[in-house]
Every structure is written in C-alpha cells, then in structure tokens.
Amino acid sequence: MLGAASLAAATTQPKPLDARVKAAFLPKFAAYVNWPPSVLGAPDDPLVLCIIGRDPFGPDLDETAARQHVDQRPLLVRRIESTAGAGRCHIAFLGGSAKQSTNMMRDALQGQPVLTVTDASLGNGRGMVHFEVKEGRVRFHVDDALAARSNLGISARLLSLAISVKARTRMS
C-alpha cells in the first residue's frame, strides 16, 4: 500500500521548471522555420510536433501547442516510440528510448525535412536545435548547417537568440 501511495505521489509531482520552459519554447520554434512547400500539405493542415521516445513535457506541451498557430496552421502533438513513425513530423523532439538512442534517432532523420530538437539533459547528441540549461536558464544552440542539409530554413531572428550557431556553408 505504501508503494502505491509513493508511486501516485511521484506521478503527480509537478514537472521541473526547465521542462516547463522547454515545453513553452518547443512549439514556438515552428514560427521560425521554413519547410519545403511539398511537406506542408494543404494550407489548413496542422504542423505536427512529435515527441519520439521519452517525453519530459507531459500535458504542459499539449496545453502550449493547443494555443499556437503558425500561418493559420494548428499545431498537433504526437507521441511515438521510434523514428519509424516519424514520416509526418515537422518538428521532432528526440527523447531517446531503450530501443533507439537520441543519436540513432537523429541519424535516422538526417536529410529529411524534420526540425530535430534534442536536450543536453538526455544525452550529448545534438539535433538542429539543442536545449541546454546554462547559468540557471534554458538556452539553446542551433545547427543551421544541419538544417540546410534537410532543406529547412531557420530565421535570422531565431538564430540571434541561440547561444551558438553552426552556420550553413555558403555556395559561391
């Protein structure tokens, strides 16, 4: 009985502040990314934000995403176990799992028009956007070169907010 009570208490504990802040950031990234028109579908089709593997956000992400629209498109949150189901994702938070590490997830999505987001607290593999808590604040790095290889454009405004940017290479 005591074990059941402690389990119930553990599942009702509030998320750490950094997880709630990341849940607020994640849907906002959609407004600063340009996808190839062929992957967006009809003008009122949703942008799909996938959590692949571990979900550190819970309902905080769903509540934030429900209030967001990007160019008249609603945001839809999907939770999936592996990258095998990631074909319709526009943004993918890579949480890693027992079957597929964050690095394996990132490699499986490489070259696809999916904005990959990772978190330093879940491993050192980096996606196009990589969360990090620095000096007590949630910050992020951007790998614009990786985004370019997936035919994604990241706005200068988002790049200016990053702690670091790996720039895309210029073609002469």
Side-chain angles (χ1 to χ4, degrees), residues 17-41 43 45-57 61 64-65 68-73 75-78 80 82-83 86-97 100-172:
L17 179 60
D18 65 314
R20 291 193 316 256
V21 171
K22 292 170 190 174
F25 267 123
L26 196 53
K28 291 185 184 307
F29 291 145
Y32 301 98
V33 176
N34 291 315
W35 285 269
S38 61
V39 301
L40 293 176
D45 283 353
L47 287 174
V48 181
L49 191 165
C50 296
I51 305 302
I52 306 177
R54 283 177 283 210
D55 176 5
F57 310 116
L61 178 62
T64 302
Q68 303 280 330
H69 281 77
V70 177
D71 296 331
Q72 306 297 323
R73 295 174 186 275
L75 286 176
L76 174 67
V77 177
R78 288 182 53 216
I80 55 180
S82 73
T83 55
R88 298 209 35 166
C89 300
H90 295 98
I91 300 173
F93 178 83
L94 310 178
S97 69
Q100 200 175 26
S101 70
T102 301
N103 287 338
M104 290 170 65
M105 289 176 176
R106 184 198 60 223
D107 293 347
L109 294 173
Q110 190 169 4
Q112 295 183 39
V114 177
L115 181 76
T116 55
V117 181
T118 52
D119 188 338
S121 69
L122 298 176
N124 59 3
R126 290 187 173 201
M128 296 169 197
V129 177
H130 184 71
F131 284 123
E132 176 183 344
V133 176
K134 190 169 184 150
E135 298 172 2
R137 295 179 57 202
V138 174
R139 303 295 307 272
F140 58 89
H141 304 267
V142 175
D143 188 334
D144 197 33
L146 189 56
R149 288 194 295 271
S150 292
N151 296 315
L152 298 177
I154 298 179
S155 83
R157 188 165 180 198
L158 184 62
L159 296 176
S160 72
L161 297 174
I163 355 178
S164 70
V165 175
K166 182 175 180 184
R168 56 183 63 212
T169 55
R170 300 264 184 225
M171 302 290 254
S172 359

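Nothing here was measured: the structure is a model prediction, and the numbers come from that model.
Annotation for Cys89 and Ile80: closest pair SG-CD1, 4.2 Å, computed over non-hydrogen atoms. Of all heavy-atom pairs between Ala167 and Ala145, the closest is O-CB, 3.4 Å. The two residues Arg168 and Leu152 make their nearest non-hydrogen contact at NH2-O, 2.8 Å. Of all heavy-atom pairs spanning Asp55 and Phe57, the tightest one is OD1-N, 2.8 Å. Contact detail for Thr102 and Gly95: the closest heavy-atom pair is OG1-C, 4.0 Å.
The structure places CD of Gln68 at 10.0 Å from CG of Leu49, a figure rounded to the nearest 0.5 Å. Atom CG of residue Leu94 and atom CZ of residue Arg126 lie 14.0 Å apart, to the nearest 0.5 angstrom. Between atom SG of residue Cys50 and atom CG of residue Leu76 there is a gap of 8.0 Å, rounded to the nearest 0.5 Å. Note that CZ of Arg78 and CD1 of Ile52 are 8.5 Å apart. Values are rounded to the nearest 0.5 Å. Going from atom CZ of Arg106 over to atom CG of Asn103 covers 4.5 Å, rounded to the nearest 0.5 Å.
Residues satisfying the side chain to side chain donor-acceptor pair (under 3.5 Å) criterion with Asp143, sequence neighbours excluded, are absent altogether. When the ring-ring contact (aromatic ring centres under 6.0 Å, His included) test is applied to Phe25, the partners found at least two apart in sequence or on another chain are Phe140. The side chain to side chain donor-acceptor pair (under 3.5 Å) test applied to Thr83 returns Gln100, not counting sequence neighbours. The side chain to side chain donor-acceptor pair (under 3.5 Å) check on Arg73 picks up nothing, with sequence neighbours excluded.
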Please report, to 0.1 Å, the donor-acceptor pairs under 3.5 Å made by any side chain of residues 153-161, with sequence neighbours excluded.
{"unit_1": "Ser155", "atom_1": "OG", "unit_2": "Arg157", "atom_2": "N", "d": "3.4"}
{"unit_1": "Ser155", "atom_1": "OG", "unit_2": "Leu158", "atom_2": "N", "d": "3.2"}
{"unit_1": "Ser160", "atom_1": "OG", "unit_2": "Arg157", "atom_2": "O", "d": "2.7"}

Review item, side-chain donor-acceptor pairs of residues 108-120, under 3.5 Å, at least two apart:
{"unit_1": "Gln112", "atom_1": "NE2", "unit_2": "Ala108", "atom_2": "O", "d": "3.2"}
{"unit_1": "Thr116", "atom_1": "OG1", "unit_2": "Met128", "atom_2": "N", "d": "3.1"}
{"unit_1": "Thr118", "atom_1": "OG1", "unit_2": "Gly125", "atom_2": "O", "d": "3.3"}
{"unit_1": "Thr118", "atom_1": "OG1", "unit_2": "Gly127", "atom_2": "N", "d": "2.9"}
{"unit_1": "Thr118", "atom_1": "OG1", "unit_2": "His130", "atom_2": "ND1", "d": "2.6"}
{"unit_1": "Asp119", "atom_1": "OD1", "unit_2": "Lys22", "atom_2": "NZ", "d": "3.0"}
{"unit_1": "Asp119", "atom_1": "OD1", "unit_2": "Ser121", "atom_2": "N", "d": "3.0"}
{"unit_1": "Asp119", "atom_1": "OD1", "unit_2": "Ser121", "atom_2": "OG", "d": "3.1"}
{"unit_1": "Asp119", "atom_1": "OD2", "unit_2": "Lys22", "atom_2": "NZ", "d": "2.8"}
{"unit_1": "Asp119", "atom_1": "OD2", "unit_2": "Ser121", "atom_2": "OG", "d": "3.3"}

Should Ser97 and Met105 be marked as a side-chain contact (heavy atoms from CB on, under 4.5 Å) after you check the CA-CA gap, both sets of side-chain angles, and the distance that decides it? CA-CA 9 Å; Ser97 69; Met105 289 176 176; 4.1 Å; yes
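Ring geometry for Phe93 against Phe131 counts as tilted: the plane angle lies between 30° and 60°, on a 0 to 90° scale.
Residue Arg139 places its CZ atom among more than 12 non-hydrogen atoms of other residues, nucleotides or ligands, all under 6.0 Å distant.
Of the possible donor and acceptor atoms, one in the side chain of His90 sits under 3.5 Å from a partner among the backbone N and O of Val39.
Proximity of Leu75 to Ile91: side-chain heavy atoms (C-beta onward) are nowhere separated by under 4.5 Å.
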